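A short write-up of the structure that comes next.
A quick note: this is a predicted structure, and the numbers were derived from the prediction, not measured. Heavy-atom basis, side chains included; hydrogens, waters and symmetry copies ignored.
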Amino acid sequence: MTSNTRVVVIGAGLAGVRLARRLAELGRSVTLVGDEEHRPYNRVLLAEVLAGRYSPEVIALPAPADLVRARVTGIDRAERTVECADGTKIAYDTLVLATGSNPVLPPLRGLFTPDHVLPDGVHAFRTMDDCLGLSEAVRPGARAVVIGGGLLGVSAARALALRGAQVVLAQQSERLMERQLDPAASKLVRRHLTDLGVEVHTDLRVRDVRCVNGTVRSVEMADGYAMDADLVVLACGVHPRVGLAQVAGLDVRKGIVVDDELRTSDPHIRALGDCAQHDGTVYGLATPALEQADVLAELLAGEAGDAGARYTGTRSLTRLTLAGEGFFDLAAFGETEALPGDDVVQLADATRGTYRKVVVRDDRLVGGVLVGELGTVGALARAWEGAEPLPADGAPLLHLLTNDGGS
């Protein structure tokens, strides 16, 4: 690949910006196309902006020099061009799709107006515009209902509570953050939110959003109970943003299918980040996206050596740090629920609000969850990622759990 090869990256999120910057560092030119009017930003920190801890400028990412603000509407694979909403076309030799993901909008009655837009007071929580809209709308004493008790819903509920809102968190499943945490850790998250004044309901399905003159007034549960609401936040997860790839005829399943070189079914198009599906997995997390960007930058720069750079997957760790008032820190990795025959080491300190648990299978660390005082998380994660057999006596593992300087 020569230095004048035209690389075009669609998507100015963490993955796209990381790739563009890495290519620039390696002396390669790249055009980054983003459809948001804001400077590229770290989406992971949006809840801190909503909480009032950070201004939007604080979470901005260093933008590459060649940043085009446009909405891409189509890909012409034969001509190797992308077409933008304003009619302009951008030619490429290699196209990279880093289009990210869209929020899941649940099938609730009354969720959309006749014009197919969200009513006043109903907000998704995915973009900077979503965040700024919520920040402008929230007032001390405002009644806010957050629908969804995953990582995003927990972060949004806490941020709104810190802004003085009366927050109700409605989670359809039996516990908070069930995909990442075991029941004991979920209880600690719930207690943290409750201590901040958040009213948490689990096993509760929202059925209806009720509006008056296009403005939300309440939400109704499946059992008929209605809660008044000035604000409703939709935090029901995300799904890969694959529309461009589908229309272009690329292989799309859960996400845009890529191989170990992040190549799609078209040899001139790559994909990475939330929109990509590698080896059957769509990660939807920051760490895999950044790792994919680094691998792809090496490949596109032509400096990968004889064997070539490859992306073979990420064993990702979920980290949630809720700073400021009522500081709360947790990490989870691998399998946090034991199977029959697994060994479990579990330590809890109710006074200090800490909880540590690891799951061992066939003398290997297969997962863990830690809440509070995470000094050991680095060493535990390395033991998990390395998948090396643990010493038979188990003493080093116990040391990692109890020694706060373990990282």
Side-chain angles (χ1 to χ4, degrees), residues 148-154 171-193 200-205 236-237 253-255 277-285 287-288 312-320 328-404 406-407:
L151 186 64
L152 189 62
V154 167
Q171 165 73 325
Q172 184 169 333
S173 60
E174 66 181 13
R175 67 177 193 265
L176 301 178
M177 294 181 63
E178 63 173 353
R179 290 179 58 191
Q180 297 91 3
L181 303 181
D182 70 346
S186 291
K187 286 180 182 177
L188 290 175
V189 174
R190 181 170 186 156
R191 187 175 77 179
H192 172 75
L193 292 177
V200 178
H201 295 274
T202 53
D203 281 322
L204 186 66
R205 186 171 64 85
C236 306
R253 296 171 199 172
K254 290 182 292 185
Q277 176 182 335
H278 174 266
D279 196 23
T281 299
V282 177
Y283 288 97
L285 298 168
T287 299
T312 56
T314 299
R315 306 191 80 191
S316 53
L317 179 147
T318 297
R319 182 76 181 262
L320 176 63
F328 187 79
D329 206 2
L330 69 83
F333 56 93
E335 300 177 47
T336 60
E337 295 277 21
L339 297 177
D342 290 346
D343 293 318
V344 177
V345 181
Q346 191 168 323
L347 303 173
D349 186 330
T351 303
R352 300 166 72 185
T354 61
Y355 172 73
R356 302 174 187 186
K357 169 187 171 182
V358 292
V359 180
V360 178
R361 181 178 305 146
D362 298 327
D363 297 324
R364 283 174 168 79
L365 185 62
V366 297
V369 57
L370 298 91
V371 179
E373 299 179 8
L374 301 190
T376 65
V377 68
L380 285 170
R382 286 191 292 274
W384 168 63
E385 289 167 350
E388 297 294 329
L390 297 169
D393 60 8
L397 179 59
L398 191 60
H399 177 72
L400 286 180
L401 278 178
T402 56
N403 177 11
D404 287 342
S407 61

### Query
Taking all non-hydrogen atoms of both residues, which atom of Phe333 and which atom of Leu365 are closest, and how far apart?
CE1-CD2, 4.2 Å

## Note on the structure
For Ala185 and Val369 the tightest heavy-atom approach is CB-CG2, 3.7 Å

### Message
In the structure I gave you, are the side-chain heavy atoms of Thr287 and Leu317 within less than 4.5 Å of one another anywhere?
### Response
no

### Task
Check the pair Thr336 / Gln180 against side-chain contact (heavy atoms from CB on, under 4.5 Å), numbers first and verdict last.
CA-CA 7 Å; Thr336 60; Gln180 297 91 3; over 6 Å; no

### Query
Atom CG in Leu330, atom CE in Met177: separation rounded to 0.5 Å?
5.0 Å

### Any donor-acceptor pair under 3.5 Å from Glu335 side chain to Val366 backbone
no

### Message
Restricting to non-hydrogen atoms, name the atom on Gln277 and the atom on Arg253 that form the minimum distance, rounded to 0.1 Å.
### Response
OE1-CB, 3.4 Å

#### Entry: Shortest non-hydrogen contact from Glu337 toward Asp182
OE2-CA, 3.9 Å

### Query
Is a donor on one side and an acceptor on the other found under 3.5 Å between the side chain of Lys357 and the backbone of Val344?
no

### Task
Search all heavy atoms of Val282 against all heavy atoms of Gly255 and return the closest pair with its distance.
CG2-N, 3.8 Å

### Message
For the CZ atom of Arg175 and the OG1 atom of Thr202, what is their distance to the nearest 0.5 Å?
### Response
10.5 Å

## Note on the structure
So CZ of Arg319 and CG of Asp329: to nearest 0.5 Å the spacing works out to 4.5 Å

#### Entry: Closest approach of Gly313 to Tyr283 (non-hydrogen atoms, all atoms of both residues)
CA-OH, 3.4 Å

### Query
Nearest 0.5 Å, what's the CG-CG distance between Leu181 and Leu188?
9.5 Å

### Query
Between Val154 and Leu193, is a side-chain contact (heavy atoms from CB on, under 4.5 Å) present by the stated rule, with each step listed?
CA-CA 8 Å; Val154 167; Leu193 292 177; 4.2 Å; yes

### Query
Rounded to the nearest 0.5 Å, what separation is found between the CZ atom of Arg361 and the CG atom of Asp342?
4.0 Å

#### Entry: Atom pair CG (Asp203) and CD (Gln171), whose distance is rounded to the nearest 0.5 Å
9.0 Å

